[in-house]
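Single-structure report; data block below.
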Protein chains: 2
Amino acid sequence: MNKNDLRVLKTKQNIHLTLTNLLKKKPLPQIKVTELCKLANINRGTFYFHYQEVGDVFKEFFEEIMMDLRESYNEPYRHTKYIEREKLDPETVRIFHHVQKYEEFYRIILSKEVSAEYYYMLFDEIRSILVDDKHTNHLEEDYLFSYSSNAIIGLIIEWYRRDFQESADEMNIHLVNILKLY
Amino acid sequence: MNKNDLRVLKTKQNIHLTLTNLLKKKPLPQIKVTELCKLANINRGTFYFHYQEVGDVFKEFFEEIMMDLRESYNEPYRHTKYIEREKLDPETVRIFHHVQKYEEFYRIILSKEVSAEYYYMLFDEIRSILVDDKHTNHLEEDYLFSYSSNAIIGLIIEWYRRDFQESADEMNIHLVNILKLY
DNA sequence: TATTTTATCGAACAAATGTACATTAACTAT
DNA sequence: ATAGTTAATGTACATTTGTTCGATAAAATA
């Protein structure tokens, strides 16, 4: 299977587009392979040639989102000459803006109906970003990274459950307050 | 459907036992309704009379675990609205001991293959424990609760990924160190 | 004990899954 | 432009799902 083959590109692009449209109408777990293929006008065997389940298509969207997440985090560092930081400065955190940008996707990622796999993909991404900031093999800090990463996701979960009504800037303020006060 | 009917009790007990045995052989998502019913010697229609999917049976196990969690969650969380550093005593934090007690279940709950629903059930339980003694409608603290709850789950995730090799007491030390040092 | 209630069974059904294979059409490389 | 490659198709099949329904056996109740 050559991913540069025009037929493959065309098929995948077709599937991506169809899934995007379907996601506007119904939640991910309710979208069947049969339905997706019928709407995309491709053979069901073709789908199984590329993927195992509908969730695998969504994972390809996920990759792009995680790239943007990483870029969002590094963004403030590009505009400062003080690259070395002892700690994450909440005021420079862009993660909430990133979530807002991909709000519709995060509504799916954070919904309880989907596989937990997406959650852990998000967790791993945030965690590795924190780790990259400060290289260490110390066990205590390994736990700290998992603690901090998931704490931030905890804020995102709360934000999601409040239907993203607050702005990303307000979320940053929440984070700063929590870190300063407690 | 009368849950006190002996036939119901017998059927559910049968299904519970069969699922427990199956979980020793294969992960939850691979267990089919058909397979479960065949082994339990019950009609598939009977299963659908009580549940919608295999995961619903697992949720009944979950209820018991969450009850034990609530009982295990003693000081220093009970009388504080957040994790207060000064009052932390590793001896009094029982959540890691609780996880260790139900280790085999948490291996399922925290596995990426299952539905995210279990994760949020755990999240909600821990969060409500934090909230219970401090009734407040203050927005800032709502976020703090979600932040703290998920931070602790972050530690449990890291522990799970290290195959629960450390003791519950050692996990307590990690938690205390993180709260004191950072 | 007799009567009523209802959980369970067995069978049937449409729909979706997952896989397999020969054929066809689209693409690549020369 | 041609030949070789392979993605995509169409078809088939066994399995699972989710639901329905009448019959039956087991339980509740009086």
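Each chain gets a letter, A, B and so on, in the order the sequences are listed, and its residues count up from 1. For clarity, every value in this text was computed on a predicted model and none was experimentally measured.
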Polar atom pairs between nucleotides 23-30 of chain D and protein, under 3.5 Å, N or O only, would you list them?
residue	atom	partner	partner atom	Å
D:dA26	N3	B:R7	NH1	3.0

Pair A:R161 + B:D142: basic N to acidic O under 4.0 Å: no

Can you say whether the rings of B:Y119 and A:Y119 are parallel (under 30°), tilted (30 to 60°) or perpendicular (over 60°)? tilted

Between B:K32 and B:V8, which is nearer to the 5' end of DNA chain C once each is assigned its nearest nucleotide? B:V8

Calculate the interatomic distance between B:K3 atom NZ and C:dT6 atom P; express it in whole Å. 17 Å

I'd like to check the side chain to side chain donor-acceptor pair (under 3.5 Å) partners of A:Y102; sequence neighbours left out, ordered by chain and number. none

Check residues 38-50 of chain B and write down every donor-acceptor pair under 3.5 Å in which the side-chain atom is one partner and the other belongs to a residue at least two apart or another chain.
residue	atom	partner	partner atom	Å
B:N43	OD1	B:G45	N	2.8

If the helix axis at each end comes from five base pairs, how far does the helix from C:dT1-D:dA30 to C:dT30-D:dA1 deviate from straight, to 10°? 40°

At their closest point, which heavy atom of B:S115 faces which heavy atom of A:K112, and how far apart are they? OG-O, 3.1 Å

Heavy-atom nearest pair, B:I31 first then B:V54, reads O-CG2, 3.4 Å

With a 4.5 Å heavy-atom cut-off, do B:F58 and B:V114 have their side chains touching? no

Kindly state which residues belonging to residues 15-25 of chain A come within less than 4.0 angstrom of DNA chain D, counting heavy atoms of the residue only, listed by number. none

Contacts of A:K10 meeting side chain to side chain contact (heavy atoms under 4.5 Å, CB included) (sequence neighbours excluded), chain-then-number -> none

Only counting residues at least two apart or in another chain, list the ones meeting salt bridge (Lys or Arg N to Asp or Glu O under 4.0 Å) with B:E35. B:K26

Identify, with sequence neighbours excluded, every residue that meets side chain to side chain contact (heavy atoms under 4.5 Å, CB included) alongside A:E170. A:E166, A:S167

Using atom CG of A:N14 as one end and atom C1' of C:dA26 as the other, report the distance to the nearest whole Å. 15 Å

Short side-chain N/O contact from B:T11 to OP1 or OP2 of C:dT8, under 4.0 Å: yes

Got a sec, which residues hit salt bridge (Lys or Arg N to Asp or Glu O under 4.0 Å) with B:E104, two or more places apart in sequence or on another chain? B:R107

For DNA chain D, find the residues of residues 33-57 of chain A with a heavy-atom distance under 4.0 Å and give them by number; none if there aren't any. A:N41, A:I42, A:N43, A:R44, A:T46, A:F49, A:H50

Please name all residues satisfying salt bridge (Lys or Arg N to Asp or Glu O under 4.0 Å) with B:E158, sequence neighbours left out, ordered by chain then number. A:R127, B:R162

Who are the side chain to side chain donor-acceptor pair (under 3.5 Å) partners of B:K101, not counting sequence neighbours? B:D68

